[in-house]
Amino acid sequence: MTSGGLVRRNLRRLCSLYLCPSSWFSSTAVNNCIKAQDIATRKNSMAERRVYIILFLFLGLISYAAAYDPLDPNGNITIKWDVMSWTADGYVATVTMNNFQMYRHIMSPGWTLGWTWAKKEVIWSIVGAQATEQGDCSKFKGNIPHCCKKTPTVVDLLPGVPYNQQFTNCCKGGVVASWGQDPSAAVSQFQISVGSAGTSNKTVKLPKNVTLLGPGLGYTCGPAKVVPPTTFLTTDRRRKTQALMTWNVTCTYSQFMARKHPSCCVSFSSFYNETITPCPSCACGCENKNKCVQSDSKILNMVGKNTPRKDGTPLLHCTHHMCPVRVHWHVKVNYKEYWRAKISINNFNYRMNYSQWTLAIQHPNLNNVTQVFSYDYKPLVPYSSINDTGMFYGMKFYNDLLMEAGPLGSVQSEVLLQKDQNTFTFKQGWAFPRKVYFNGDECMLPPPETYPYLPSSAHGHPLLSFSTLICALLFLLLTI
């Protein structure tokens, strides 16, 4: 008997014994029952397929949302290749990295860019950057390429390199400012000469599998796409030229891909409550709990102990939250038409100086900032109808460098905000931020139920005792 016949026989037995009443045991009734079960089976199979499809789409949306920042929805790093000239066996291109992220910059030790060649291309030379490995160039006679690897890795040059190795917007050690902080410094460039490649728009093959470290994990790059050629203006701005060919690669950042724990936390306090709400315990993970040090530890006096590690391993000051950075928001003063908050940033990492740091905060009263005293401030309005987000950052040459953990490892400022009488209140934690980002990574906030609360009886006891005293006096006067 065939497998199909065996299945049909078992299905007939199932229908006759369990699925159909005893009065249906005729051959026609059983056949009808089998047909009904066939239809039900198909429907179940289709339903299962729908579930799998929905699950697949849901997972895809999660992966997409992981790289989406609601406070900076258009933020990305765009890497543009402009082919400026053809050579005998390839082309010369200018590679431009633009950081369009409003408050996330690339700090030291800088960016690392990698890709996979589509064919057997080699890098003859680079100006303004360098490949970290040369690879096997043994098949070349005479002129030796700069890099022969199938998957080259390129880094920026350090400041102070000879002039003949420099290129426009290069040689900053890979440090790239955020677009919101300094658009002129939010760019990095180098020139690359590629050989064993196509020599026309039709024969050039675009690089694949582009990767970006900035400086660590977190960035995901899409495929290279050919776009309209970039246009350039001559120095006298009277003539316009264009690249021979241009393609773009867009990279987006995901904090979930960068690390499994937050890198900062937030604590709160206020003038109307003695309670200080600390950072949550182990807010940034407690893996380094056994490796942390106290401020008076002799380890800190060892030579090279404060030197940053290549893998970014921190040397943290022992705290209950074990975060490299803590942001503290203190509601300081309440005026008739204004109120004042103090913002402090503390560094607990003995191996890290944060240069060009940024602090993005979401709060409903940031739509009416009157004055910021010791930070620079810029409102962020990703949605034209909502103005509740702002970016604080250090003043250049004053406090734009957050020093390593220790007596100098903090920066602070105060912000004066004008009240909106329709929305302002100190109740239910309204005076505290909704979201806080340090250097583009979201910080962990305390649970809402632990926020410093406005005591409902703060002025109730004196009034109660006074009214009670008046009533007692009146009672005595009436009884005398």
Side-chain angles (χ1 to χ4, degrees), residues 65-66 68-73 102-104 218 253-256 258-287 314 316-317 319-332 339-349 354 357-367 369 375 377 379-380 382 386-393 402 410-415 417 423-454:
Y68 175 77
D69 188 345
L71 300 188
D72 189 15
M102 294 302 294
Y103 49 79
R104 183 178 296 108
Y253 180 82
S254 169
Q255 184 173 344
F256 300 105
R259 55 183 61 86
K260 62 179 180 179
H261 297 297
S263 58
C264 53
C265 65
V266 184
S267 57
F268 294 139
S269 62
S270 65
F271 71 89
Y272 53 77
N273 194 314
E274 296 180 355
T275 303
I276 297 177
T277 302
C279 289
S281 297
C282 292
C284 300
C286 283
E287 288 85 353
L316 297 180
H317 179 72
T319 59
H320 73 282
H321 52 76
M322 291 303 295
C323 286
V325 174
R326 181 192 66 193
V327 179
H328 185 76
W329 177 282
H330 174 67
V331 180
K332 188 174 182 180
W339 63 289
R340 185 189 296 249
K342 182 177 180 180
I343 307 171
S344 304
I345 307 174
N346 294 90
N347 185 5
F348 294 99
N349 188 356
Y354 294 95
W357 58 267
T358 60
L359 183 69
I361 294 179
Q362 184 182 38
H363 190 285
N365 211 160
L366 288 181
N367 62 349
V369 175
Y375 295 161
Y377 175 76
L380 302 177
I386 303 175
N387 181 16
D388 63 351
T389 307
M391 180 180 69
F392 300 87
Y393 53 100
L402 177 59
S410 66
V411 290
Q412 56 189 15
S413 177
E414 295 185 4
V415 55
L417 305 108
T423 59
F424 177 81
T425 180
F426 281 132
K427 296 180 180 179
Q428 298 178 344
W430 185 90
F432 300 105
R434 301 334 185 232
K435 287 180 178 291
V436 176
Y437 291 72
F438 179 78
N439 278 356
D441 284 339
E442 187 172 1
C443 304
M444 178 174 284
L445 274 66
E449 62 270 14
T450 64
Y451 287 14
Y453 60 88
L454 183 65

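Along the sequence shown, residues carry numbers from 1. Just so you know, these numbers use all the heavy atoms, side chains as well, and skip hydrogens, waters and symmetry mates.
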task: Could you walk me through whether Leu417 and Leu366 pass the side-chain contact (heavy atoms from CB on, under 4.5 Å) test, one step at a time?
output: CA-CA 7 Å; Leu417 305 108; Leu366 288 181; 4.0 Å; yes
task: Could you please spell out the steps behind the side-chain contact (heavy atoms from CB on, under 4.5 Å) verdict for Leu380 and Asp72?
output: CA-CA 8 Å; Leu380 302 177; Asp72 189 15; over 6 Å; no
task: Report the C-alpha distance between Val325 and Asn349 in whole Å, list the side-chain angles of each, state the deciding distance to 0.1 Å, and finish with yes or no for side-chain contact (heavy atoms from CB on, under 4.5 Å).
output: CA-CA 7 Å; Val325 174; Asn349 188 356; over 6 Å; no
- request: Go through the steps to decide whether Cys323 and Cys265 satisfy the test disulfide (SG to SG under 2.5 Å), and finish with yes or no.
  value: CA-CA 7 Å; Cys323 286; Cys265 65; 3.7 Å; no
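Of the possible polar contacts, none joining the Asn367 side chain to the Asn387 backbone as a donor-acceptor pair under 3.5 Å is found. Using modelled atom types, no side-chain atom of His321 and backbone atom of Cys284 make a donor-acceptor pair closer than 3.5 Å. Side chain of Arg434 to main chain of Trp430: a donor-acceptor pair is present (N/O by atom type, distance under 3.5 Å, no hydrogens or angles). With His363 contributing its side chain and Gly390 its backbone, the two residues share no donor-acceptor pair below 3.5 Å.
Considering all non-hydrogen atoms of both residues, Ala431 and Trp329 come closest at O-NE1, 3.0 Å. Here the closest heavy-atom approach between residue Thr277 and residue Pro452 is recorded as OG1-CD, 3.1 Å. Between Met322 and Cys286, the closest heavy-atom pair is CG-SG, 4.2 Å. Scanning both residues, Pro324 and Leu316, for their nearest heavy atoms gives CA-CD2, 3.8 Å.
Rounding to the nearest 0.5 Å gives a distance of 4.5 Å between CG of Leu71 and OH of Tyr437. For the atom pair Ser263 OG and Gln255 CD, the distance stands at 6.0 Å (nearest 0.5 Å). Considering CG of Asn346 and OG of Ser267, their distance stands at 8.0 Å, rounded to 0.5 Å.
Two residues are said to be in side-chain contact when any heavy atoms from C-beta on lie closer than 4.5 Å; His330 and Ser344 fail this criterion. Between Arg104 and Asp69, some side-chain heavy-atom pair lies under the 4.5 Å cut-off. Using a 4.5 Å heavy-atom threshold, the side chains of Val369 and Pro379 count as separate.
Heavy atoms of other residues, nucleotides or ligands lying less than 6.0 angstrom from CD of Glu287 number more than 12.
Ring geometry for Tyr451 versus Phe432: interplanar angle over 60°, hence perpendicular rather than tilted (30 to 60°). Under the 30°/60° scheme for interplanar angles, the aromatic rings of Phe424 and Trp339 are found to be tilted. The aromatic rings of Tyr377 and Phe392 lie tilted to each other, with the angle between the two planes from 30° to 60°. By the 30° and 60° cut-offs, the orientation of the rings of Trp357 relative to Tyr375 is perpendicular. Ring geometry for Phe426 against Tyr272 counts as tilted: the plane angle lies between 30° and 60°, on a 0 to 90° scale.
Side-chain contact annotation: Ser269 with His328, donor-acceptor N/O pair under 3.5 Å present.
Exactly one of Ile343, Ile361, Val327 qualifies for a side chain to side chain contact (heavy atoms under 4.5 Å, CB included) with Pro433. That residue is Ile361.
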Per-pair distances, 0.1 Å, donor-acceptor, side chain in residues 439-449, under 3.5 Å, sequence neighbours excluded:
{"unit_1": "Asn439", "atom_1": "OD1", "unit_2": "Thr358", "atom_2": "N", "d": "3.0"}
{"unit_1": "Asp441", "atom_1": "OD1", "unit_2": "Tyr253", "atom_2": "OH", "d": "2.8"}
{"unit_1": "Asp441", "atom_1": "OD2", "unit_2": "Arg259", "atom_2": "NH1", "d": "2.3"}
{"unit_1": "Glu442", "atom_1": "OE2", "unit_2": "Lys435", "atom_2": "NZ", "d": "3.2"}

